[in-house]
Each structure stands twice: as structure tokens, then as C-alpha cells.
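All values derive from a computational prediction rather than experimental measurement. Lettering of chains follows the sequences in order, A, B, ..., and the numbering in each one begins at 1.
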Number of protein chains: 2
Amino acid sequence: MSITSDLLRGHTDTIILKHLLKNDSYGYEINKSIQEKTQGRYELKEATLYSAFRRLEETGLISSYWGDETTGARRRYYTITGSGKSVYSKNLTDWNEAKEIIDELIKEECK
Amino acid sequence: MSITSDLLRGHTDTIILKHLLKNDSYGYEINKSIQEKTQGRYELKEATLYSAFRRLEETGLISSYWGDETTGARRRYYTITGSGKSVYSKNLTDWNEAKEIIDELIKEECK
DNA sequence: CCTAGATACCTTGACAGACACAGTATAACG
DNA sequence: CGTTATACTGTGTCTGTCAAGGTATCTAGG
């Protein structure tokens, strides 16, 4: 991973929720998708990913079911809930605000 | 604080380093400055701030000295080191990259 | 047939940053 | 003389991330 994980910290849940907006998905696929989108600059570590699933399910933002694959490894699919969708929206808003604040606080003034 | 602290996590050091670029400063002043700049939307908790100072000093990014105030509470002033300046620059670069990655990963596609 | 690699998931334990809470001390103001 | 503002410090806790290990299935190559 090329960028420090602390900068991504706190975004894991939002990243997952975003991936589930379009359609149900499962851990491995979400992670592959993240790697492709970022050209390998970022990947969720498995432990991080699956512990995020647990957290999100416990707080009711996603729900899950086992896929009915007759072949290959089993997959646990996740669905975003209504509450998950509104948390996603709020996180997007928060992120836009945070971005501004951080920029303001760390950018060098030119004078 | 209006935004969740996890979004700011990892930026504390950079925020402090940035404040020390212009001139030496001390904890209380830095925090006041942050609150003013963000119109109270963000403040570093004292424990966070002072433990960051300790961390930064241990890793040689800043150095410190006691002010010679003859009146009022004592102040510990901090100075950014050369190494601190280059870490600051790197953090700025990292942040710009992280911003793009996060945006790409959490923004809803319109189709 | 056997093995390596890709797919897919899970658990445990440790770490580090942020914070709540508590404490210390000085000066100004009514 | 008590409150508020200034200014710093220490202890202990919480939470997200990750390293490291494990399980199981399918595919392709030798």
C-alpha cells in the first residue's frame, strides 16, 4: 500500500457502504474492486474488511446472507439497509466538510 | 466538535507541524488558532495535542524549550526541525493523494 | 494424482492515536 | 475570595487497523 493507512482510517465503512449501493456484494469482490479503482495503491487488509462487515452488521447498516454457489468457495453477500444508506449520505457530507477543514489546517499559506 | 474525529485522525501531527512552520508556538495557542480557523468546528483535545507533542519530539520532528514569561502560566514552546519540515511536505503530498483515492472510493457514480 | 495458486472466509492478539477524566499552577476580575 | 482564563501533565480506556495464522473449494500444470 502506498499511502499511510491512518489517512484512510475511518473511511472503511463508507467505502464498503458505497460498494453496496449499486448491488449486493461480498468481501473478496469488494476488495478486488478497490484495488482496481485505485490501481493497487490501496487495499483493505482482510482482517480490516471482515471486522468492518461485523461492525456494520451489528449496527444494522448492512445485512448478510450466504450465496447459493453450487461451485467454488462459499460467499457471504452483504446488502445495504435503509439505515446504511442514510449513514452513507451523512458520511459523504462529513467527508466534504472534513476535507475543507483539513485543507485549511495543513496547507501552507503563500504570502 | 462537529465532525467525527476519525476523519481527522492521522492529521494531528501535520496540523501541528504546519503551525510551527511560520514561528515557534505552544500548545494552548495552537489549539486556539485551530478553533478560530475552523470557527469552532474542530479542536484538538488536550490529551491528543500534548501526546502529539511528545511523539513529535521523540521522533525529532520538533524540539522544545520553556518560555521566559515573567508573568502568567509557563509555556512550553516548540520549534519545527529540518526533519519536521520534510515530513510536513511529505504529509501534504500524501494527503493530496489520499484525498483523490478516498473521493474515488466513496463518491456515488452518477449514471 | 499431486501440488500450487486463486478464490473466499474467519479468528486472535497486539498496537497506536484519540480522548475522558483528573490534577497542578498562575493571573485577572468582580 | 471564588470564578474564569491561561497553560501544561498523567493515567487509563476505547476503537480501527493489521500481522499472522487458520479453514475450505476449485483450477491448471506437471
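- Salt bridge B:E29/B:R75: absent, no basic N to carboxylate O contact under 4.0 Å.
- Comparing atom distances between the B:Y50 side chain and each of D:dC8, C:dG17, D:dT11 picks out D:dC8 as nearest.
- Side-chain nitrogen and oxygen atoms of B:Y26 include none within less than 4.0 Å of the OP1 or OP2 phosphate oxygen of D:dC8.
- Side-chain nitrogen and oxygen atoms of B:R9 include none within less than 4.0 Å of the OP1 or OP2 phosphate oxygen of D:dC14.
- In this structure, B:D94 pairs ionically with B:K90, as a charged nitrogen and a carboxylate oxygen lie closer than 4.0 Å.
- Atom CZ in A:F53 sits roughly 7 Å away from atom P in C:dC9 (whole-Å rounding).
- C:dT7 atom C1' lies 15 Å from atom CD of A:E43, rounded to whole Å.
- Checking D:dA7, C:dC9, D:dT17 against the side-chain heavy atoms of A:S51 singles out D:dT17 as nearest.
- Below 30°, between 30° and 60°, or above 60°: for B:W95 and B:H11 the angle between ring planes is above 60°, a perpendicular geometry.
- In this structure, A:T48 reaches the D:dC18 phosphate: one of its side-chain N or O atoms is under 4.0 Å from OP1 or OP2.
- Not less than 6.0 angstrom separates the ring centroid of B:Y26 from the ring centroid of B:Y78.
- Distances shorter than 4.0 Å separate none of the side-chain N or O atoms of A:R74 from OP1 or OP2 on C:dA8.
- Look at CG on A:L61: it is 12 Å from P on D:dG16, rounded to the nearest Å.
- Nearest to the side chain of A:R75, among D:dC18, C:dC9, D:dT17, sits C:dC9.
- A:T48 places no side-chain N or O within 3.5 Å of a backbone atom of A:L44 that could act as its donor or acceptor partner.
- In this structure, B:T12 reaches the sugar-phosphate backbone alone: every heavy-atom distance under 4.0 Å involves primed, P, OP1 or OP2 atoms, never a base.
- The phosphate of C:dG17 (OP1 or OP2) has a side-chain N or O of B:R55 nearer than 4.0 angstrom.
- Between A:A52 and B:E29, the one whose closest nucleotide on DNA chain D sits nearer the 5' end is B:E29.
- Between B:H11 atom NE2 and C:dA16 atom C1' there is a gap of 16 Å when expressed in whole angstrom units.
- Between the side chains of B:Y88 and B:D13, no donor N or O sits under 3.5 Å from an acceptor N or O.
- Rounded to whole angstrom, the span from the NZ atom of A:K45 across to the P atom of C:dC15 amounts to 18 Å.
- Proximity of B:K32 to the phosphate of D:dA5: no side-chain N or O atom is located under 4.0 Å from OP1 or OP2.
- Where A:L44 and B:E46 meet DNA chain D, the nucleotide closest to each residue was compared, and B:E46 sits on the side nearer the 5' end.
- The side chain of B:Y28 has D:dC8 as its nearest neighbour among C:dA8, D:dC8, D:dT11.
- Within the structure, a side-chain polar atom (N or O) of A:R54 is placed less than 4.0 Å from OP1 or OP2 of C:dT11.
- The nearest whole Å value for the distance from the CG atom in A:N91 to the C1' atom in D:dG16 is 15 Å.
- Between the P atom of C:dA8 and the CG atom of A:D24 lies a distance of 15 Å, rounded to the nearest Å.
- When each of C:dC10, C:dA20, D:dA7 is scored by its nearest atom to the side-chain atoms of A:Y78, the top-ranked nucleotide is C:dC10.
- As a whole-Å value, the separation of B:L56 CG from C:dG17 C1' is 12 Å.
- Nearer the 5' end of DNA chain C, as judged by each residue's closest nucleotide, is the contact made by A:Y77, out of A:Y77 and B:A47.
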